[in-house]
Amino acid sequence: MAPRLREASTLRAAPAQLDLPRQEQEMLQLWDDNGVEASSLRLGAEAARGRGTAPAFVFFDGPPFATGLPHYGHILPGTIKDIVPRYQSMRGFAVERRFGWDCHGLPIESLVEDELGIHGKAEIEAHGIAAFNAACRAGVLRYTEQWRKTVRRLGRWVDFDNDYKTMDPGFMQSVWWVFHRLWADGLVYEGHRVQPVSPVLGTPLSNFEVAQGPQERDPITRKDGHKRRQDPSLTVRFALEDEDASLWAWTTTPWTLPSNLALAVHPELDYVKVRVVETGEVAYLEPGRLADYQQRGKLGEVELLATLKGTALVGRPYAPLFPYFAELREKAGKRLAFRVVAATYVSTDAGTGIVHQAPAFGEDDYEVGRAEGLPLVNPVSLQGVFDARVVDFAGQHVKDADKGIMQLLRARGRVVDQDVIVHPYPHCYRTEEPLLYMALSTWFVKVEQLRPRLVANNEKIHWVPEHVGTGRFGNWLGGARDWNVARNRYWGTPIPIWRCDQDPTDVVCIGSIAELEQLAGLAVGSITDLHRETVDDVTFASAKTPGGVMRRVPEVFDCWFESGSMPYAQNEYPINEAKREYVENNLPCDFIAEGLDQTRGWFYTLHVLATALFDRPAFKHVIVNGLVLAEDGKKMSKRLKNYPDPLVVVDEYGADALRAYLISSAAVRAEPMRFSEKGVRDTVRTVILPLYNAYNFLVTYARADGWSPTAEDLHSRPGGALDRWILSRVVAFVDELGHEFDGYALSNVVPAFTRICDDLNNWYIRRGRRRYWRSRAEGDGDKQAAYATLYRVLVTVTKAMAPVIPFVTEWLYQRLVIDTGLGATETSVHLSRWPQLDPTLRDVALEHDVEAVRRAVNLGLAVREREKIAVRRPLALVTIASPDAQVRRAVLEFSEEILGELNIKRIEVAEDDSALCSVTVKANFKVLGKRLGARMKAVAEAIAGLDPAAVASLQRTGSLAMGDDTITLDEVLISREVLGGRAALAGEGMTVVLDTELTPELRREGLARELVNRVQNLRKDAGFDVSQRISILYETAGEVLEMLRDPAMLELVRGEVLAQDIVFSSTTLDMDAEEIDGIEVRLKITPYVG
RNA sequence: GGGCGUGUAGCUCAGUUGGUUAGAGCGCUGCCCUGAUAAGGCAGAGGUCGGGUGUUCAAAUCCCCCCACGCCCA
């Protein structure tokens, strides 16, 4: 097949100046102008509505909080969330990609509180829930335009127009449906949880809010903690009722003592009964703690009366410190409170080893109380004020009451020791006042009961990396606790539970708007929103309690409950009948991707709800990414400004480079990565430019030759070894890439790409260069094969990489395929199909051959380096010796490449290298160790000491008797070392020897090549086009002058540098002075004007 | 305090079921090549494999302890 030459090429000229960010902007414009993104997204949306023909690949996008700006923590998962759907689209699937917004919750409420200048329950309610929520609604989407801009600029295709918002009534109604289903299945109950309360705000705080509070680094342990504060350190005696002795207990919160209901001991620990010599008091406590009190001078001499295990104390009754709850002492004739209980959390780090229990005021206390059947006594309001039951301190703030409580106890002789302690303690993030922990009523989902199903369903999920699923997530599921889904907040989906004002046990759960309208006697369609300001006022008559009015409980949902409901709620399931089937058919979804921090967040809530509702996992494949840290290894911080703005980075280096950089990092394997701008810059050089350069080469010569690609060029089967080799490599590359994409192993993609670029640029093009320069002979089939193969390789690699680097691949595709009219019907690489190559193009043996050849070349170049012989200087002969027949064949097949790379005239191959090398033999530990075990050491020494004759025999016959053993050839490793005094090197499977003898002819040619080099440098400096013909004026002397008088050499120089004439001149002044082997050469080159 | 992960060259990371002299890319230094490249090639320097024990003929790899860092939980 002859190339069609001398016509104008259909390939557009490459731009003089490469400007990747500008090209990306042009591609964005192109996608907009041609509706490319929209068309890809439309396919997915159609599949979601049950229309369209392509099968659906279902992707769920986790909703970010709409109150922050996008940063690298979003860009990394965003890139992953773009690559996979792009790949699946090219594979022929329709991928719906709806962006989601997490609109509810504390972040926006906090912002609005700041903006309105109001804080806490009382102020918000005074302001009005309707007004407060209106402010949240108005403010929550403030950054959506910036998100859209950033996401678009990064090349992520996602549907913003058809987005979902957790504050949409349809979404919220589905959340109600989800909760109602759980309710109907008996998975919801009302219970208590000990929560931190900010008394000034009068509200419980979330963990998130607690973490916003003051954080100090402990000067000694260097651990981050809460703010340090001074608290009382009080040791109190509790009088036993069955013995004239007391139990000593320690507390830093005297205000919890009025609510004391029990004392806890560790059942396994030893306790002592002692008599204090000074006072005669008999007391129980843990001996190590006793010693501590003595050491600190708090206690004098004691007399040991007995030693006993904690279990021996369990059940013993003591007198209540205060009378307030004394009636709880017994219930139905059985001791209920004021007794010793066992608890394994009791430690000997501080206190007495006997721990005061107030079940309402501590997590551990609460659990112990629950296990022991103790009642829950909480005489403290959310404002931190004692109620009437604590008669002596009623109306006082608990922290203020501490002093009075201590005075009272001291007056009654109950205080063993009073001191102060400085310790870290959580404080309110707004008021900086200490938080109080107290048990509050809330609503729970019974997750503990679901554990076995959660674990079983997790086994169906493909986690990347695997250990997150088996380790972190799996462990978390195995120990999952019941989920507190209620929050005492305002801007959220209200919990749809209505309770009777007469009978608190009379409750109903509402599952839809229609149901509520019907119960409340409202017109169908009259409720158009579900936020608190709308539904809090909806009441109806109790069905059970005559005269009772049903009112909604005040709480809203944890916003994680909403995001976990996203698979159903984004499609308004099950109310929206049009999408019902789609939702049901596509559970679990195919793919999600988020950060490691979502293990307890979105991953978990999706999984819990999918298991509870459908007993299925929520997703099939998940990629978990790690945290993106700043270059200094610290968290990225706006305040520290320790990272560059993403949009600035993109404007400087392009989104492709940023994407390729992120996707190649450890962060796609859930490990933390350090972001560095330099890393992005290097990615331009090592990833983007190699592909562009290969393209640039093709275009340069195709245009010079007037070559244009045809559709056949994408299917031809070239005969030449070099062409067959690169096609084989491309087949391998596409296979590898497809395998990585299919396995969601994105971190391997870019390394595979750089390998194929290396093969293409540094071997295929480099070795094939001259095929493109030859004269424009008609009927030059090899030239056509060269163009066609290079073209095909570029198109294939471009398509294969399109999901990862969508801009430069589109730019190339437009030039390679669309411009040349070969684009079939699609207008974008992203609407084309993933490359599918004929697998018979793969030739593994050929790939091995080229590896051996490249090894031989490297050895040859290393010899030249060592011998200090420049590659420019031709040599006469290279000998490659190898016992491997395959290597020898490969060397002969590619002798032209070897000779060209090494600049040598002739090649010889040899089988026997024994004259060149000494052979050393070593045991192959891996093979032999398995067989010999402990005898390994001795045999290895014997093998190392074998004489050359024995080694030769082993090589010849394949085995050798050694004492009692017989070793075989594959049980040893033979290495070669070139004998001294030769220009040779031995490598894996071969020895390369150079003949360094220089004949006068070789010497002359070397000088000619030097001259060519000087002229080429001048051409480049002058900026001449590669096909520009030139005239040369020169002045020189000696050997160089002699060389130029040799017609053959003159011709060589002329041909290499495209010189029309080479003329000696001693007159021109503005010549460049060069030097070759100490001889001055003065040169002037000018464009040839024919 | 618990769970999970990480610790290997100046930097970013590979390192299979334990097995020869621990590798790659980038960076650095030197040399070289260039009729595409914002390039490329060859070589060199640079490692107590976080520390310590143990198991083994043999440990970066397996056990135990410790240290540091990260995330989540408490």
Side-chain angles (χ1 to χ4, degrees), chain A residues 14 17-18 20 207 223 345 347 349 363-364 465 467-468 470-476 478-479 481 595-601 604 626-627 629 631 633-635 661 664-666 669-674 676 678-679 681-686 688-701 704 747 751 754 758 761-762 765-766 769-770 772-773 857-866 868-872 901 903 922-930 932-940 944 972-973 975 1009 1012-1013 1016-1017 1019-1020 1024-1028 1055-1058:
Chain A
Q17 192 71 39
L18 183 63
L20 292 168
N207 289 337
K223 286 194 171 170
Y345 85 87
S347 84
D349 297 338
E363 176 91 45
D364 290 323
H467 66 76
V468 178
T470 53
R472 180 182 282 239
F473 195 69
N475 290 347
W476 179 247
R481 303 274 301 274
L596 187 60
D597 53 341
Q598 295 299 326
T599 313
R600 268 79 162 164
Y604 177 69
L627 199 69
L629 302 172
E631 190 161 10
K634 293 182 185 141
K635 277 191 185 176
Y661 170 62
S664 311
S665 73
R669 294 185 303 274
E671 286 165 32
M673 76 170 286
R674 290 183 179 197
S676 96
K678 189 172 159 298
R681 191 171 66 224
D682 289 344
T683 305
V684 173
R685 243 167 26 79
T686 57
I688 311 295
L689 288 177
L691 181 64
Y692 174 80
N693 291 337
Y695 153 81
N696 194 34
F697 176 86
L698 172 72
V699 168
T700 303
Y701 289 100
S747 63
T754 55
D758 180 69
N761 287 318
N762 298 330
I765 292 180
R766 183 180 162 85
R769 259 183 312 204
R770 284 173 188 267
Y772 303 84
W773 314 335
V857 167
N858 284 350
L859 283 170
L861 289 171
V863 175
R864 274 187 173 273
E865 161 85 15
R866 206 186 57 192
K868 300 281 175 220
I869 307 170
V871 182
R872 243 182 252 132
E901 280 292 298
N903 191 19
K922 276 183 181 169
N924 184 338
F925 279 78
K926 192 166 185 173
V927 177
L928 208 49
K930 286 205 171 74
L932 296 179
R935 287 187 297 140
M936 187 64 217
K937 216 167 211 168
V939 175
V972 299
L973 295 162
S975 59
R1009 296 284 295 262
V1012 167
N1013 167 254
Q1016 297 294 19
N1017 287 342
R1019 279 187 68 113
K1020 194 162 214 171
F1024 289 169
D1025 186 84
V1026 292
S1027 54
Q1028 176 68 54
E1056 287 292 311
V1057 302
L1058 298 185

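Residue numbers start from 1 in every chain, and the chains themselves are labelled A, B, ... in the order their sequence lines are given, proteins ahead of strands.
Closest heavy-atom contact between A:Asn696 and A:Ala14: OD1-CB, 3.2 Å.
Formation of a donor-acceptor pair under 3.5 Å by the A:Tyr661 side chain with backbone atoms of A:Ser676 is found in this model. With hydrogens and angles disregarded, a donor-acceptor distance shorter than 3.5 Å links the side chain of A:Asn693 to the backbone of A:Leu689.
Nucleic acid contact class of A:Asn903 (heavy atoms, under 4.0 Å, all strands): none. Using a 4.0 Å heavy-atom criterion, one finds that A:Leu698 contacts no nucleic acid atom at all.
For the OP1/OP2 pair of B:rA36 and a distance below 4.0 Å, the side-chain nitrogens and oxygens of A:Tyr701 include at least one atom meeting the criterion. Phosphate proximity of B:rA39 to A:Arg685: present, with a side-chain N or O under 4.0 Å from OP1 or OP2. Within the 4.0 Å cut-off from OP1 or OP2 of B:rA36, at least one side-chain nitrogen or oxygen of A:Arg769 is found.
Separating the CG atom of A:Asn693 from the C1' atom of B:rA39 is a distance of 6 Å, rounded to the nearest angstrom. For A:Leu629 and B:rC69, the CG to C1' distance is 10 Å, given to the nearest whole Å. What separates CZ of A:Arg766 from P of B:rA39 is a distance of 16 Å, to the nearest Å. Computed from coordinates, the A:Tyr604 OH to B:rC73 P distance equals 12 Å when rounded to whole Å.
Proximity note for A:Arg472 (side chain, C-beta onward) versus B:rG41, B:rG70, B:rG35: the nearest is B:rG70. Out of B:rG35, B:rG70, B:rC73, the shortest distance to the side chain of A:Leu627 is found at B:rG70. The A:Thr686 side chain lies nearest to B:rC26 when the options are B:rC26, B:rA36, B:rC4.
Taking the six-membered ring where tryptophan is involved, the planes of A:Tyr772 and A:Tyr701 are tilted, since the angle between them lies from 30° to 60°.
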Quick one: do A:Arg1009 and A:Asn903 satisfy side-chain hydrogen bond (donor to acceptor under 3.5 Å, both in side chains)? Show the steps, please.
CA-CA 10 Å; A:Arg1009 296 284 295 262; A:Asn903 191 19; 3.3 Å; yes
Both atom distances under 3.5 Å, Watson-Crick or G-U wobble: I'd like the secondary structure of RNA chain B as a dot-bracket string, with | for pairs made across strands.
(((((((..((((.....[...)))).(((((.......))))).....(((.(..]....).)))))))))).
Can you check nucleotides 5-13 of chain B for protein contacts, nitrogen or oxygen pairs under 3.5 Å, and list what you find?
{"unit_1": "B:rC13", "atom_1": "O3'", "unit_2": "A:Arg669", "atom_2": "NH2", "d": "3.2"}

